[in-house]
Amino acid sequence: MTVLLNRIKARMTIHAHRRTRRLLDGDYSSVFHGHSLDFDDLRDYIPGDEIRDIDWKATARHTEPLVKRYVAHRRHILGLVVDTSRNFDAVTSAGADKRHLAILMAGMVGYLAVRHADDVMLIHGHAGHTTASPRKGSEAHLEHLLQQILAETGSDSPGSINTQLQWITSHINHRMLLVVISDQAPLGPDAEATIRRLRAQHEILWITITDADLAGLPSASAPFDVARPDHGLPTSVMTKPEVRQEFALAEAARRQQRIDLLAKLGIAHIEIDHPKSALGRLHTLLLRHRRGPR
Amino acid sequence: MVLMFWWLALILLALAAAAVFWFRRPKSTESSLAVAHSGRMTSLPSFRRAMRRRLVTTVALLGVIVLTGLSALAGVARPAWVETVNPERKMRDVMLCLDVSGSMLGYDADLLESYQELVDRFDGERIGLTVFNATAVSAFPLTDDYDMVQNYLAEAEEGFRTWGAEGTDYSWSTSPPNIGGSSLIGDGLVSCVDNFDRQDEDRSRSIIFATDNMLAGEPLFELNEAADIAVDAKVRVYSLSPPSVLTTTQTKELRSVSDRTGGVQFDMGSASTIDRIVEEIQSQEAANTPGRSYTIVHDMPVVPLALAVFGLAGVFILAWRTKS
């Protein structure tokens, strides 16, 4: 019964040629920069890095501080942090299903981890509750985790990724690679503080699933908010030029705020709106993380 | 103001309500698209403004539609002003018959003043004035144009007060030189009876006969003969004579004429005379002319139908504005 994972594996093998897949494997193996004795390479200093990792000699020859990276040897843990609230029973800006896209992204990263003999755990939930799975390294376990995300379909609870992040700060005390799958809900000061706190302990990668462009919906789509299923949204009003313009400005500002925030905290970040770009975006994400966010 | 076809309006209203109920658009949830975080849109000031504007437009459109519908229904219900006309009063003719002979000249101005008061009390009756001395002159024929009547009476009164210097002088025209004598009472009464028109209609006719009955000359008709003619013509004669201790015989004669024709004899001068005359005439006539009242319906469709037309134009304009 590995329905979801098989589909994801098929997508990774059929739609991506071997080179890309090998590339992804390579991306992943270099993601985890735990502390080991084997020196790997140098990269630019990011606020939050440990001072003892700074390579002072290299820094002296360079204009900016550089930190050492080491090849990790131990068994890593991948933590999939997924918002599984009702907000994910909606569509992305490209019209795809947000929950299935989240499952796809989680499945791809999880599969890479399983292939590297790492453990995978899932931390998911909504604004009021967080559920965490045990960590295991089997494909069956990963499939089970993906099924859990799917099982939350039809939830009527509002979402807040900050709740899951808070849970991690208070419950997890070992080092993990966290892949956060969230949507365009704004990240406030609370979330920023939590992420900053987590960043000191964990490697964090952030995947934003973009929400529908409310100003561009055709009237035939009869849109409604998942929070208020009985009330339609007035497309005739939402597509008025002045509304559309203000919405575009507000969206751009919010998006920039998110990108700036995550960049400031040194977290690799991608936005994704459709399954067909999943592999490419994942590659970009891993690459950004290896190079350090800039 | 009544609605003649109110039941039709009610039926149409019920039909309209049923049509709205059956043809309202079902709240479709098919092919609906779930989106998240609509607060991104709904918190925008421009969105709120646009929603408020849409609400106002919708309410206005609804109001105009309802008003238009109600106006159209009101028009369909045939609003009308229903008037019940009592024809009885219109069937009355009152001839004022005034003796302008020399013996009466002193009283005529006052008599005409009394006539004006009399006319004020009438409503719907036709009034005529005939003056007579040696011959009779129709000052104005029977009419219900009270303004004109008042004008003529005022002018005649003016004429008698100023001895013909101002206003209308009737003394000269009623005593032509080719007719001998004056104060031909019987001739005057016959002339007055003769001045009633519409002989084929069954109307109530009365004469207010103001004279002192001081005959001077050879009349064609004696007063008694004139009274016979009046009785034949079914004309009641209310006589009005100046009070005088010297003329008791004449006054008695007048009373007998009035009695024979079914009228009453009054002495002029007492303040209540006018009231009594009006009362007498109106009570008598009311009994004599059985009224057949009928109803006139004045349709008044202009206001509701004009409202409906303008409302329809408003609906189109608003609908076009909402669409664009």
Side-chain angles (χ1 to χ4, degrees), chain A residues 83 85-93 95 97-99 153-154 158-160 182-186 209-251 253-255, chain B residues 16-70 310-324:
Chain A
D83 178 358
S85 67
R86 64 183 176 202
N87 289 340
F88 274 71
D89 291 328
V91 296
T92 68
S93 55
D97 187 272
K98 280 171 73 177
R99 191 175 297 276
T153 307
S160 165
S182 177
D183 61 4
Q184 278 189 308
I209 294 178
T210 56
D211 275 301
D213 173 20
L214 295 174
L217 296 173
S219 62
S221 63
F224 68 92
D225 190 333
V226 286
R228 298 169 70 216
D230 296 335
H231 297 80
L233 291 168
T235 48
S236 60
V237 172
M238 296 196 297
T239 51
K240 278 182 190 295
E242 67 268 21
V243 178
R244 187 196 289 259
Q245 194 182 358
E246 192 178 354
F247 179 75
L249 285 174
E251 278 289 88
R254 266 193 297 269
R255 177 168 179 267
Chain B
V20 167
F21 182 78
W22 286 115
F23 293 109
R24 84 207 141 115
R25 256 184 306 183
K27 215 173 181 181
S28 73
T29 45
E30 286 174 46
S31 82
S32 57
L33 194 68
V35 297
H37 305 299
S38 65
R40 291 177 296 154
M41 170 62 81
T42 53
S43 61
L44 293 179
S46 65
F47 176 83
R48 284 165 180 259
R49 261 199 312 280
M51 281 303 274
R52 208 157 34 236
R53 206 157 49 234
R54 195 178 78 148
L55 179 70
V56 167
T57 316
T58 309
V59 167
L61 184 60
L62 207 63
V64 169
I65 287 174
V66 167
L67 276 182
T68 305
L70 287 182
F310 284 120
L312 203 60
V315 168
F316 279 128
I317 290 170
L318 277 175
W320 172 73
R321 278 205 50 181
T322 321
K323 196 93 178 174
S324 58

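Keep in mind it's a predicted model, so treat the numbers as computed, not measured. Letters go in sequence order (proteins before strands), and every chain restarts at 1.
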Closest contact, heavy atoms only, A/D211 versus B/A36: OD1-CB, 3.7 Å

Is the closest basic N to carboxylate O distance between B/R53 and A/E242 below 4.0 Å? yes

Side chain, backbone, both or neither: which part of A/Q245 has an atom under 4.5 Å from a heavy atom of chain B? neither

Can you tell which of A/A227, A/P158, A/P234 has the highest number of heavy-atom pairs within less than 4.5 Å of chain B? A/P234

When the 4.5 angstrom heavy-atom criterion is applied to A/A185 and chain B, the contacting part is both

For A/R244, is it the side chain, the backbone, both, or neither that has a heavy atom closer than 4.5 Å to a heavy atom of chain B? neither

Atom CG of B/L44 and atom CE of A/M238: how far apart are they, to the nearest 0.5 Å? 11.0 Å

Quick check: closest heavy atoms across A/L214 and B/H37, and the distance to 0.1 Å? CD1-O, 3.9 Å

Checking heavy atoms, do the side chain of B/R40, its backbone, both or neither come under 4.5 Å from chain A? both

Considering only heavy atoms, which portion of A/S85 lies under 4.5 Å from any heavy atom of chain B: side chain, backbone, both, or neither? neither

To the nearest 0.5 Å, what is the distance between CD (A/E246) and CE (B/M41)? 9.5 Å

Between A/D89 and chain B, which part of the residue has a heavy atom less than 4.5 Å away: side chain, backbone, both or neither? backbone

Which one, A/V226, A/L217, A/D97, A/T92, leads in non-hydrogen pairs under 4.5 Å with chain B? A/V226

What are the two closest non-hydrogen atoms of B/V35 and A/L233, and how far apart are they? CG2-CD1, 3.6 Å

With side-chain contact (heavy atoms from CB on, under 4.5 Å) as the test, would you mind laying out the steps for B/F47 and A/V237 before giving the verdict? CA-CA 7 Å; B/F47 176 83; A/V237 172; 3.9 Å; yes

Considering only heavy atoms, which portion of A/D183 lies under 4.5 Å from any heavy atom of chain B: side chain, backbone, both, or neither? side chain

State, to 0.1 Å, how close B/G39 and A/D225 come at their nearest heavy-atom pair, and which atoms those are. N-OD2, 4.5 Å

